[in-house]
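One structure is given below, encoded as structure tokens.
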Amino acid sequence: MKINQSNVESRPSSVLIISAILVGLFVAWGALAPESLDRAAGEGLGWMINNFGWFYMLVTAFFVLFVIILAISPFGRIRLGKPDERPEYSWYSWIGMLFAAGIGVGFVFWGVAEPVLYYLDPPMGFTAETPQAAVAGLRYAVYHWALHPWAIFSIVGLTLAYVQFKKDRPALISSAFYPLIGDRVNGWFGQGIDILAVIATCTGVATTFGLSALQITGGLSYISPIPNNVWTQITIITIVTFLFMFSAAKGVDKGIKTLSNINLAVAGLLLIFVIIVGPTLFIAESFVTTLGGYITNVASMSLTMTPFTESAWLGTNTIFFWAWHIAWAPFMGIFIARISRGRTIREFMIGVLLVPTVLAVIWFTTFGGTALNIEIAGTAPIGDLVMNNVELALFATLGELPLSAITSFLAVLLILIFFITSADSASYVLGTMTSRGSLNPGLIVKMIWGLLIAGTASVLLLSGDGGLGALQTASIIAALPFAIIMVFMILAVLMMLGKDFKIEDRKRKSKRRESITKEIREEIYEELKEELVEDMKKEIKEDVYEQVKEEIYNEITTDKKNK
């Protein structure tokens, strides 16, 4: 049974009420007893990593392999929409919105911090603060933000784009299960999936709100007398909330698209500036080394565990990031699906998988490489900041380069716009998920979620590090059931693709048969026409020959008589 998007009700559903209550209770726990929540969430995360770390490593590697095979397979020709539909947004706007949806904040926040962190605390097999640790630090930072997270996002985005624009289903995570369980997705089972997705999205985005506020406040305190305290952070959140509401009122086409284009330009400008005035040769060599090391070692890094040692590095870093990205998958997937209508699966995979991967290598080797160069030279305490005040690491790095006041301001502006677009995207996605999958959720619903997310981040910032950290940990724990959901999403999309590919293949064969028949018909027509023309020429020639012969005979006869 197909459900046309135009008929999908945009009014809030029971998913909104239930998920909002659950998030509210969770926030109350974090605000009133942050130590208790932090302890419980930490124990849950430890249990999950210890018992299911192998599953995260295996399933994430499988996700990467699956999307690459899908992109190069004949399925890649299938369009996410009707056969005659074309992309709604240009490549530039599309790529800009992919980053602005939320992952761009991760690039800015961790671009300096992660390579330096792994230089000081490297993975197993490397000695801290050595050249080998620096190389490994850049490689693992890229590894955590390149193919694997975007493969996770692309699976959810592709599945939802397919069921929305090809099958006319609502924009809900549960819609992906229609090929498997049919109309039961409209019951309690589908609502349970959607509630889990809403909670994971809301808590993950609230955490990003908090982290973004921390980094903006840290940057402002670094370049101005503004104090770096919780009240400044809450002021930033309040300002951003008002700005995002203005953007949300404009909608995706005007609000998010415009801000994304601006942000991509600002990020590109900052990136080029650091490459030019920073340690250019060092960055170039780091880029080549990191790219080569990543391509060479990505398979072994993806499938390496530490069963014979007690090393906790893998759990606290790689597995932690895989779980974090999976927790973000509902949010990123729904938004990516919304902006990808009309593209073929191959175009979709190139844009969502390969472009961000290349940009991740460039971004991390530029900012992380510059920070490592400064840390190794000992000209600034980047390592100490990464370990103690990570939100200041980017600004301390820019402070060692020329025009630091301007670049630091641009960095604050970049984070601020990422912050606004992330809030806008999140409110849109949560509004869609709690409005029965409407692609145009009401402004009131988006506002409710925007205020709820902002309130959540503010309350947990006031409650101390325990509250915000616990919320992040809890959202990551929610990734375990969603990882299992993603496996079934792959089964569902393969069923739909297989069935539709056969139908389209039959149509292509039928069209080709018609085309060949038409060509053969035209060839036969031309051949017959030529034969008929030749026959007619021959007949006419014979008739004319007889006529001419008779005329000549008469002339000769007349001449003889006259003589």
Side-chain angles (χ1 to χ4, degrees), residues 42 45-46 49-50 53 56-57 106-146 148 218 274 278-279 281-324 360-361 363-400 465 469:
L45 181 64
I49 289 174
N50 288 334
Y56 276 113
M57 295 294 289
F107 272 47
V108 176
F109 195 89
W110 294 106
V112 165
E114 217 176 325
V116 175
L117 177 63
Y118 301 154
Y119 171 70
L120 301 174
D121 179 23
M124 192 180 67
F126 297 92
T127 302
E129 300 183 48
T130 61
Q132 293 77 18
V135 171
L138 282 172
R139 185 168 72 240
Y140 270 88
V142 169
Y143 168 57
H144 291 157
W145 293 92
H148 289 68
V274 174
L281 182 59
F282 185 85
I283 291 171
E285 291 176 347
S286 296
F287 173 80
V288 174
T289 303
T290 303
L291 182 62
Y294 177 67
I295 293 172
T296 305
N297 296 285
V298 65
S300 61
M301 288 190 295
S302 301
L303 297 172
T304 296
M305 296 288 290
T306 54
F308 303 107
T309 67
E310 295 298 323
S311 173
W313 192 94
L314 198 65
T316 55
N317 291 283
T318 299
I319 296 172
F320 178 86
F321 272 112
W322 290 173
W324 196 10
V361 178
W363 187 274
F364 278 86
T365 52
T366 298
F367 287 91
T370 301
L372 281 171
N373 184 268
I374 294 170
E375 170 67 20
I376 293 169
T379 55
I382 304 296
D384 292 338
L385 289 174
V386 167
M387 301 302 290
N388 300 303
N389 298 97
V390 66
E391 67 271 13
L392 299 179
L394 171 62
F395 301 99
T397 301
L398 294 175
E400 297 301 310
D465 294 337

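Computation of the quantities below employed the complete heavy-atom set of this structure, encompassing side-chain atoms and omitting hydrogens, waters and symmetry-equivalent molecules.
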### Task
Working to the nearest 0.5 Å, report the span between CG of L372 and OG of S286.
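If I round to the nearest 0.5 Å, the distance is 7.5 Å.
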### Task
Look up atom OG1 in T290 and atom OH in Y143, then write down how far apart they are to the nearest 0.5 Å.
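T290 OG1 to Y143 OH: 15.5 Å, rounded to 0.5 Å.
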List in chain and number order the residues that pass side chain to side chain contact (heavy atoms under 4.5 Å, CB included) with [X], two or more places apart in sequence or in another chain; answer none if no residue qualifies.
{"X": "A146", "value": "V142, Y294, T357, A360"}
{"X": "N50", "value": "none"}
{"X": "A380", "value": "I374, I382, E400"}

### Partner set under ring pair (Phe, Tyr, Trp, His ring centres under 6.0 Å) for Y119, not counting sequence neighbours
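Applying ring pair (Phe, Tyr, Trp, His ring centres under 6.0 Å) to Y119 gives none.
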### Message
Taking ring pair (Phe, Tyr, Trp, His ring centres under 6.0 Å) as the criterion, tell me which of W110, Y140, F107 meets it with F364.
### Response
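The single option meeting the ring pair (Phe, Tyr, Trp, His ring centres under 6.0 Å) with F364 is F107.
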### Query
Are V274 and L398 close enough that some pair of their side-chain heavy atoms sits under 4.5 Å apart?
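Side chain of V274 against side chain of L398, heavy atoms only: contact under 4.5 Å found.
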### Query
Do E375 and L120 touch side chain to side chain, with heavy atoms closer than 4.5 Å?
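They are in contact (side-chain heavy atoms under 4.5 Å apart), so the answer is yes.
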Write down the atom of [X], the atom of [Y], and the distance for their closest heavy-atom approach.
{"X": "A371", "Y": "T397", "result": "CB-OG1, 3.8 Å"}
{"X": "V298", "Y": "I295", "result": "CG1-O, 3.7 Å"}
{"X": "S300", "Y": "N297", "result": "OG-O, 2.9 Å"}
{"X": "L385", "Y": "A396", "result": "CD1-CB, 3.2 Å"}

### Query
Are V108 and W363 close enough, and set up right, to give a side-chain contact (heavy atoms from CB on, under 4.5 Å), and what steps lead you there?
CA-CA 9 Å; V108 176; W363 187 274; 4.0 Å; yes
Using distance only, find each side-chain donor-acceptor pair of residues 127-139 under 3.5 Å and give its atom names and separation, not counting sequence neighbours.
from : atom 1 : to   : atom 2 : distance (Å)
T130 : OG1    : T127 : O      : 2.7
T130 : OG1    : A133 : N      : 3.2

Could you pull out all donor-acceptor pairs under 3.5 Å where a side-chain atom in residues 314-323 meets a protein atom, sequence neighbours excluded?
from : atom 1 : to   : atom 2 : distance (Å)
T316 : OG1    : A312 : O      : 3.0
T316 : OG1    : W313 : O      : 3.2
N317 : OD1    : Y118 : OH     : 3.4
N317 : ND2    : W313 : O      : 3.0
T318 : OG1    : H144 : NE2    : 2.8

### Task
Could you please spell out the steps behind the side-chain contact (heavy atoms from CB on, under 4.5 Å) verdict for L394 and F367?
CA-CA 8 Å; L394 171 62; F367 287 91; 3.8 Å; yes
